[in-house]
Amino acid sequence: MRHLILFATCLMLSACADRISAPVQPEAINAPNTRQVFVVTNRQRNAEGYLATSRDTDLTYLDTTVSIPPSHAAGNAPTFSAKPDPLKHFVIAKETELASLPALTNKVSASLAGRTHRDREVTVFVHGFYNTYQDSLFRIAQLQNDFDLPGTVVNFAWASAGSPLGYAHDRESALFSRDDLERTLRALAKSKSDRLLLVGHSLGTFLITETLRQIEHKDPGWTARNIDALALISPDMPVDLFLRNLEPFDALPDPTVILTSTEDSALRLSSRINRSSQRLGQLSNPDVLADLPVIVFDVSSFTDGSSNHMTFAESPALIALLRDARSFDDLLAPDDPNFLLRQAERVRVSNEAIAIQVNPG
């Protein structure tokens with residue numbers, strides 16, 4: 001078994017050797033499918049100029065355009081290269097650095113001007129463990145494309161090591177990033193959006209709950225007043241820590257959705273590493289969350305073809321289910337509040353918490 005683990009680790013390391021390089025290719029701006037992504041990051045630039053793994057006390061603000069290759073199909077993981085081909089790879093077509101957080105907020109507001117109420121949304125995405133900057137940037141561009149997300153997206157790119165052996169570094173980076181995420185959320189809450197949606201994946205959900213907890217201690221009720229929907233996808237944290245972090249809250253965003261899977265092997269490994277019996281993202285029974293007005297959305301029957309940790313982004317069947325309802329934000333803020341119930345294979349209610357299990361159609 002040890003030899004198998006070592007072999008798998010070597011494969012992962014060799015596979016990610018070139019994952020930190022994704023140069024800007026201005027000619028890709030004319031590609032037929034491009035997506036605008038705003039970025040807030042506390043990553044330092046390395047000697048080659050790429051946003052790398054080291055943490056910075058100063059934030060960098062970017063207005064980027066990502067081109068998506070014509071060969072991309074919904075649920076395919078983004079592919080990129082140090083020598084990108086726009087016909088095959090996700091490519092950074094434009095990258096404009098902005099002077100300050102107010103400048104970024106003004107740009108976000110301007111991007112929403114003239115849109116209908118439905119499209120005047122800002123979605124903040126907080127990535128998880130084992131992500132380079134390019135991983136997070138291209139992932140949110142993929143989600144924009146595959147779910148046809150309305151409004152504008154902001155990628156909060158904290159300084160993950162982007163390494164399968166970097167869990168301790170990433171957890172420390174998440175803690176390091178709490179004040180930076182707080183400043184970002186407070187600024188975007190003052191933008192000219194009609195709704196502010198907050199989406200986290202994996203270890204990014206730990207960063208989100210830690211940040212919202214510290215906000216609530218300083219400004220009780222701020223989260224429910226300013227965050228219109230919260231989605232915690234495959235959350236990598238123990239259940240008791242999640243409950244402790246929510247103690248200062250009088251109310252949660254409505255809705256608050258937790259996407260879980262009992263088949264998530266990455267969270268199974270995290271449980272062993274952290275010596276916890278269960279991570280929040282493995283829950284199917286809502287009883288432990290009975291006092292919280294949350295929806296536990298159990299997608300155990302879907303698969304992403306590998307660890308089932310990226311099912312929300314890499315299961316074509318799940319993407320089709322959610323997109324056909326309207327788009328990904330129907331999971332977060334549905335026009336039809338019975339949407340999830342209609343898709344359910346099984347529904348369990350435990351006081352205020354609801355657990356909904358869905359199966360591929």
Side-chain angles (χ1 to χ4, degrees), residues 38 40 59 101-102 104-106 108-109 112 117-118 120-126 150-154 156 158 174-201 203-233 235 237-259 280 283 286 288-297 328-335 337 340 349-355:
F38 292 99
V40 178
L59 291 172
L101 185 53
L104 180 134
T105 304
N106 289 338
V108 168
S109 294
L112 299 172
H117 169 71
R118 179 70 181 187
R120 293 180 58 83
E121 296 181 351
V122 174
T123 299
V124 180
F125 178 67
V126 183
T152 292
V153 300
V154 177
F156 183 84
W158 53 277
L175 294 171
F176 179 90
S177 301
R178 291 172 294 186
D179 291 351
D180 297 332
L181 181 57
E182 177 179 348
R183 284 193 289 270
T184 300
L185 293 176
R186 286 186 181 275
L188 291 172
K190 297 177 182 178
S191 70
K192 295 180 180 179
S193 65
D194 289 342
R195 289 196 295 179
L196 181 59
L197 314 180
L198 182 55
V199 180
H201 176 245
L203 201 57
T205 64
F206 167 69
L207 169 55
I208 284 175
T209 57
E210 286 281 324
T211 300
L212 295 180
R213 175 182 181 273
Q214 74 178 30
I215 293 175
E216 289 300 309
H217 275 301
K218 292 184 284 188
D219 192 354
W222 186 92
T223 301
R225 291 196 306 269
N226 292 279
I227 305 297
D228 295 283
L230 173 63
L232 305 177
I233 299 171
M237 73 184 91
V239 176
D240 60 349
L241 178 60
F242 174 67
L243 294 173
R244 173 58 63 93
N245 277 347
L246 294 191
E247 285 179 0
F249 290 72
D250 291 328
L252 293 175
D254 184 15
T256 292
V257 177
I258 305 171
L259 207 71
L280 180 62
L283 275 185
V288 70
L289 306 179
D291 294 331
L292 300 176
V294 298
I295 299 171
V296 178
F297 196 58
F328 185 56
D329 76 318
D330 271 303
L331 174 61
L332 305 180
D335 288 334
L340 289 174
V349 179
S350 183
N351 197 7
E352 292 195 71
I354 301 173

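Sequence positions, counted from 1, serve as the residue numbers for this chain.
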Can you tell me if [X] uses its side chain to pair, donor with acceptor, with the backbone of [Y] under 3.5 Å?
X	Y	answer
R225	P220	yes
E216	T223	yes
D228	L197	no
E352	V294	no

Looking at OG1 of T256 and CG of L232, how far apart are the two atoms once the value is rounded to the nearest 0.5 Å?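 The OG1 atom of T256 sits 7.0 Å away from the CG atom of L232.
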
Once you round to the nearest 0.5 Å, how far does CG of N245 lie from CG of D240?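 N245 atom CG to D240 atom CG measures 10.0 Å (nearest 0.5 Å).
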
With the side chain counted from C-beta on, respond yes when V122 and F38 share a heavy-atom pair under 4.5 Å apart, and no when they do not.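 Side-chain contact under 4.5 Å: no.
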
Side chains of L246 and L252: closer than 4.5 Å at any heavy-atom pair?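 Yes, their side chains come closer than 4.5 Å.
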
Who pairs with R120 by salt bridge (Lys or Arg N to Asp or Glu O under 4.0 Å), at least two apart in sequence or on another chain?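 Partners of R120 by the salt bridge (Lys or Arg N to Asp or Glu O under 4.0 Å) criterion, ordered by chain and then number, come out as D194.
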
Salt bridge (Lys or Arg N to Asp or Glu O under 4.0 Å) partners for R186, two or more places apart: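 For R186, the residues satisfying salt bridge (Lys or Arg N to Asp or Glu O under 4.0 Å) (neighbours in sequence not counted) are E182, D219.
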
If you compare all heavy atoms of W158 against all heavy atoms of S177, which two are closest, and at what distance to 0.1 Å?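 Heavy atoms of W158 and S177 come nearest at CB-OG, 3.4 Å.
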
In chain order, what residues pass the side chain to side chain donor-acceptor pair (under 3.5 Å) check against T105, with sequence neighbours excluded?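 Residues passing side chain to side chain donor-acceptor pair (under 3.5 Å) with T105: none at all.
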
Identify whether the distance between the nearest side-chain nitrogen and carboxylate oxygen of R244 and E247 falls below 4.0 Å.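 Salt bridge present between R244 and E247.
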
